[in-house]
Protein chains: 2
Amino acid sequence: MKRVTIHDIAKELNIAFSTVARALNDHPAISEATKKAVRETAKRLNYRQNKLASSLRSGHTNTIGIMVPSLDVSFFSSVVHGIEKIMNANGYSILLYQSNEQYKSEKNGIETFLNSRVAGIIASVAKETTKFDHFLEIKKRSIPLLFFDRAVDELKVPSVTTDDYKGGFIATEHLIKQGYKRIVHITSGKNIGIFNERLRGYIDALKLYNIPVDESLILNGDFSLEFGRQCIVDLRQLQIKYDAVFALEDYTAMGVLQQLLTYKVRVPDEVGVIGFANEAFTALVTPGLSTIDQQTTQMGESSAELFLEMLKSEDLYNNLPERVVLDPHLIVRSSSQRLSAF
Amino acid sequence: MKRVTIHDIAKELNIAFSTVARALNDHPAISEATKKAVRETAKRLNYRQNKLASSLRSGHTNTIGIMVPSLDVSFFSSVVHGIEKIMNANGYSILLYQSNEQYKSEKNGIETFLNSRVAGIIASVAKETTKFDHFLEIKKRSIPLLFFDRAVDELKVPSVTTDDYKGGFIATEHLIKQGYKRIVHITSGKNIGIFNERLRGYIDALKLYNIPVDESLILNGDFSLEFGRQCIVDLRQLQIKYDAVFALEDYTAMGVLQQLLTYKVRVPDEVGVIGFANEAFTALVTPGLSTIDQQTTQMGESSAELFLEMLKSEDLYNNLPERVVLDPHLIVRSSSQRLSAF
DNA sequence: TTGAAAGCGCTAACAA
DNA sequence: TTGTTAGCGCTTTCAA
């Protein structure tokens with residue numbers, strides 16, 4: 001199939017190729033008659049605009065880059081789902097990259113984005129990343145950059161995040177109100193402060209309710225289902241007493257839950273459990289896993305909308321970056337709802 | 001930040017810009033000394049190749065389009081995860097589109113892919129799609145097209161799918177071997193034959209074990225958690241007796257499970273349940289949901305690998321399309337494992 | 001080993 | 001309302 005260009009259409013109609021271009025772009029100066037003829041011929045010849053040429057010449061693309069750690073985490077795929085939907089509806093295409101939590105991969109992806117002359121980049125930072133030169137370069141080139149969830153504060157870039165402090169607070173407060181006294185918190189030093197915020201919320205909630213902060217109840221490490229199980233095993237081995245666990249995210253909480261069930265510990269009667277993120281599975285497991293909803297739909301939509309504004313704005317990085325902070329919602333399910341509370 | 005081009009580098013070094021281009025592309029005819037100088041200057045000036053220009057001139061991109069129904073379904077996001085990983089490692093970028101199960105959206109996406117001059121397209125067809133003109137055009141343009149999971153047989157295009165017939169068969173056989181006699185199957189006329197294959201497997205398994213095929217036990221409709229619940233409600237209303245349900249996919253099976261639990265029906269003692277797809281949540285719910293694993297990782301990798309071959313091949317659509325059919329694996333969990341079987 | 005020159009398909013300024 | 005022309009940044013042929 002031979003490539004059809006505007007020149008072919010022009011030849012067919014005996015008009016200038018620039019007229020064809022204008023007609024196809026619905027330029028106001030072109031007569032309806034010409035437009036009609038052009039469109040018909042285009043259709044007949046099966047013409048397709050070459051976006052490469054158009055973008056090269058005009059100097060802008062309608063492609064945006066999205067960088068996420070992994071689509072295998074439903075939180076991210078869900079946000080990407082939302083972003084794609086809206087950007088798509090606004091005429092943008094999505095170039096997708098997964099960092100798989102690696103700095104190197106993230107950097108490569110960003111470079112490809114830049115080489116592809118994307119109109120902007122939306123990113124959530126990899127677990128491993130501690131240097132931000134690649135993100136800085138985006139900014140230097142005045143290309144819109146927006147972080148969601150895992151943002152880098154020091155870069156002074158717009159972001160859409162959850163109020164993690166509040167999330168940590170309300171999760172802990174909920175456990176306290178259910179009568180739990182010795183609340184374990186699993187946290188991780190990794191990753192851009194969001195886990196620190198959740199930890200801060202946990203501590204402040206305890207303080208507010210005059211519950212002493214016991215360092216032995218704060219477990220610092222990784223996050224994964226496996227790590228959650230391990231925490232429960234460790235607590236037992238160390239003979240540390242506790243009656244609730246607030247895990248930094250749902251997979252870890254699920255590991256906690258599973259290991260507790262393995263030990264025949266009654267949840268929520270003996271030990272209450274709450275996670276963070278409202279992953280799809282939390283509503284489906286038994287007992288249902290209490291969690292903090294991060295409004296992934298809202299996050300995707302807000303990200304896309306804020307980003308659309310950025311794409312329009314002129315002096316992008318001159319005024320202070322806009323920070324959208326979404327309200328976390330407490331989702332109470334069986335894993336933390338003591339019957340005695342009624 | 002001014003855009004740096006090969007001309008700037010050439011000026012800086014007092015050589016021809018075409019020499020710079022060759023040096024950057026590691027052309028064998030260029031001396032090491034020149035290459036070194038060019039690379040250094042490029043780095044110093046913060047040069048980035050403009051892929052648009054390069055692709056426009058050379059006539060090929062290293063971008064491929066991936067079209068999926070929705071990233072909110074873990075099966076798809078997981079396969080995309082796998083494809084992206086491998087294509088990425090092979091120097092390809094991913095343009096992503098979600099059809100959200102709509103024909104119109106799918107068609108639009110494919111058009112954008114074509115306009116963007118993607119090197120090839122990997123797709124899984126939308127629920128709603130019954131006309132395939134958009135896919136046909138890809139083929140007409142001799143652009144590599146590969147289907148995964150939801151393929152369109154009549155288009156004679158390479159595909160990577162699960163052996164759905166076998167999946168349906170082993171799911172049903174498993175239920176039979178667990179002693180279930182009146183096995184409901186929920187199916188859907190929608191979607192490219194895969195559900196028909198599962199249905200065929202179901203029927204043949206029943207026949208093999210001399211269990212009469214009862215039309216009243218075959219429920220044809222949609223697929224969703226809600227629909228699964230509805231089926232159980234309907235069966236009760238119609239007073240149809242059954243002791244097991246094989247649902248066409250996991251969300252539907254989950255709906256079945258939930259509604260059975262709502263009715264206080266004991267699973268798996270009174271009724272056994274099995275789904276299809278091995279969605280992430282199936283391992284985490286209680287009782288664990290038996291299912292058929294479709295090897296998403298394998299599917300992603302196989303798709304990417306087969307696709308890489310297609311990208312290299314010359315006479316793409318002249319020989320018969322390669323069809324990779326992956327073996328489904330039976331995953332037995334509590335929802336279909338009768339204690340009495342031990 | 002390097003340079004000169006053409007041109008990929010389009011947009012947009014200028015001219016008619 | 002339409003045509004002419006230049007040129008986006010690169011690849012690639014031909015010549016030196």
Side-chain angles (χ1 to χ4, degrees), chain A residues 1-39 41-42 45-63 91 111-112 114-119 141, chain B residues 1-39 41-42 45-63 91 111-112 114-119 141:
Chain A
M1 202 164 172
K2 209 204 143 288
R3 300 260 156 276
V4 180
T5 73
I6 46 176
H7 292 92
D8 298 309
I9 299 175
K11 217 170 290 168
E12 196 89 354
L13 294 172
N14 256 311
I15 57 179
F17 76 95
S18 53
T19 304
V20 174
R22 277 187 282 242
L24 290 171
N25 289 326
D26 208 21
H27 189 108
I30 302 294
S31 73
E32 263 315 313
T34 311
K35 280 183 187 170
K36 188 155 174 275
V38 168
R39 282 198 273 257
T41 320
L45 298 183
N46 220 339
Y47 167 79
R48 299 210 153 273
Q49 186 197 47
N50 186 327
K51 280 210 178 168
L52 297 170
S54 156
S55 295
L56 173 61
R57 178 56 235 247
S58 69
H60 37 250
T61 62
N62 54 352
T63 303
E111 270 169 19
T112 311
L114 293 175
N115 291 357
S116 301
R117 300 299 188 261
V118 292
R141 289 176 185 262
Chain B
M1 201 165 174
K2 209 206 142 290
R3 300 262 156 271
V4 180
T5 71
I6 46 175
H7 292 91
D8 299 310
I9 300 175
K11 218 171 290 168
E12 195 90 354
L13 294 171
N14 256 312
I15 56 180
F17 75 95
S18 53
T19 304
V20 173
R22 277 187 282 242
L24 289 171
N25 288 327
D26 209 21
H27 190 109
I30 303 294
S31 73
E32 262 314 314
T34 310
K35 280 184 188 170
K36 189 154 173 275
V38 168
R39 281 198 273 255
T41 319
L45 299 183
N46 220 341
Y47 168 80
R48 300 208 153 275
Q49 187 199 47
N50 187 326
K51 281 209 177 167
L52 297 170
S54 154
S55 293
L56 173 60
R57 180 55 236 247
S58 69
H60 36 251
T61 62
N62 55 351
T63 302
E111 270 169 16
T112 311
L114 293 176
N115 290 357
S116 301
R117 299 300 190 260
V118 293
R141 290 176 185 261

field: Phosphate OP1/OP2 of C:dG3 contacted by B:T19 side-chain N/O (<4.0 Å)
entry: yes

message: Under 4.0 Å, heavy atoms only, any strand: does A:I15 hit a base, just the sugar-phosphate, or nothing?
response: sugar-phosphate

task: Identify whether any heavy atom of B:S31 sits under 4.0 Å from a base atom; if not, whether one sits that close to sugar-phosphate; answer base, sugar-phosphate or nothing.
output: sugar-phosphate

- request: Nearest 0.5 Å please: distance from the OG1 atom of A:T19 over to the CD1 atom of A:I9.
  value: 12.0 Å

message: Does A:S55 reach a base, just sugar-phosphate, or nothing at all? Heavy atoms under 4.0 Å.
response: nothing

- request: Could you pick out which residue, A:R22 or A:K51, lies toward the 5' side of DNA chain C when each is mapped onto its nearest nucleotide?
  value: A:K51

task: Mind calculating the distance between CG (B:L52) and P (D:dT11) to the nearest angstrom?
output: 12 Å

- line: In this structure, CZ of B:R3 is separated from CG of B:N50 (nearest 0.5 Å) by 9.0 Å

- prompt: What's the spacing between A:N115 CG and B:N62 CG if we round to 0.5 Å?
  reply: 9.5 Å

message: Less than 4.0 angstrom between a side-chain N/O of B:N25 and OP1 or OP2 of D:dT11, yes or no?
response: yes

task: Round to a whole Å and report the spacing from CG of A:L56 to P of C:dG7.
output: 17 Å

- line: Residues A:L52 and B:L56: closest non-hydrogen pair is CD1-N, 4.2 Å

- request: Check the distance between C:dA5's C1' and B:R57's CZ and give it to me in whole angstrom.
  value: 11 Å

query: Atom NE2 of B:H7 and atom P of D:dG7: how far apart are they, to the nearest Å?
result: 12 Å

task: Ignoring the backbone of B:N50, work out which of D:dC10, C:dG9, D:dT4 is nearest its side chain.
output: D:dC10

Atom-pair distance (CD1 on A:I30; P on D:dT2), nearest Å: 5 Å

message: From CG of B:D8 over to P of D:dC8, roughly how many Å is that when rounded to an integer?
response: 11 Å

statement: Whole-Å distance, B:H27 NE2 to C:dG3 C1', equals 13 Å

message: Rounded to whole Å, please give me the gap between CD1 in A:I9 and P in D:dG3.
response: 14 Å

